[in-house]
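Everything numeric in this text was worked out from a predicted model, so none of it was measured. Any value given below was found using the heavy atoms of this structure, including those in side chains, with hydrogens, waters and symmetry copies removed. In what follows, residues are counted from 1 in the order of the sequence shown.
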Amino acid sequence: MKKLLAEFFGTYWLVFGGCGSALFAAGIPNLGIGFVGVSLAFGLTVLTMAYAVGHISGGHFNPAVSVGLWAGGRFDAKDLLPYIVSQCIGAVAAAGTLFFIWSGKTGNAIDNTKAGAFASNGYGAFSPDGYSMISCFAAEFILTMFFLLIIMGATDKLANGKFAGVAIGLGLTLIHLVSIPITNTSVNPARSLSQAIFAGGEPLSQVWLFWAAPIAGALVGGFVYKNLLQNNNPE
């Protein structure tokens, strides 16, 4: 139960901090943090919670990460569903909190006919810069694959584990710097689902891609690290 609670709180913080920065701070005139600030916010949520609760649950905070670690031989299949459910509940709870705060400002209303509605992800007309479904799938697949390589490499028994959280947090920052204009950055199905539920409309109908592409990329990343990169016979 403690592991599941750790995943709940970790995913809650990721969505609240990352999507919250996009909703509240990115576009403030003259003071807004912009794409770079939002990218840092997502990275910092993972970095901080990796050190706060990573020793309890492993610090996944992302269904794709859990699946990828299973593919890489680092996670038990029996724990997959409980972890994913906890992560999704945490993400939706955070989105609900964000909506409660966000709706407290006069004039705030979700326009789900536009890209990025309530920090949602999207492709085609709902991509922030108009990228096609294929382009968005490719970006999410590749970036999640490399995210798993970073995670598995940084937490390898031969690596310096004290700095794993830093590498993983900065890796997620880099991922956002690349892909916010493409998909508004997912690489995390729970994060995508939570925002899409509140946005509704087309963002919700497109959320399938932000489950399929990250999970596929994570599976490949976990498999590649386990079978091609991991040193199973250190001298």
Distance-only side-chain donor-acceptor flag, [X] / [Y], under 3.5 Å:
| X | Y | result |
| --- | --- | --- |
| W211 | S192 | no |
| T113 | D111 | yes |
| N121 | T183 | no |

Heavy-atom donor-acceptor pair, [X] side chain to [Y] backbone, under 3.5 Å:
| X | Y | result |
| --- | --- | --- |
| D129 | I182 | no |
| E7 | F61 | yes |
| S135 | Y131 | no |

Parallel, tilted or perpendicular: rings of [Y] and [X] (30°, 60°):
| X | Y | result |
| --- | --- | --- |
| F99 | W102 | tilted |
| F210 | Y123 | tilted |
| F198 | F118 | tilted |

*Going from OG on S66 to CG on L81, what distance comes out if it is rounded to the nearest 0.5 angstrom?*
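These two atoms lie 11.0 Å from each other.
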*Please say which of I168, T144, I151 ends up in a side chain to side chain contact (heavy atoms under 4.5 Å, CB included) with V65.*
I151
*Mind checking whether F75 and H60 have ring centres under 6.0 Å apart?*
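Between H60 and F75, which both carry aromatic rings, the centre distance is below 6.0 Å.
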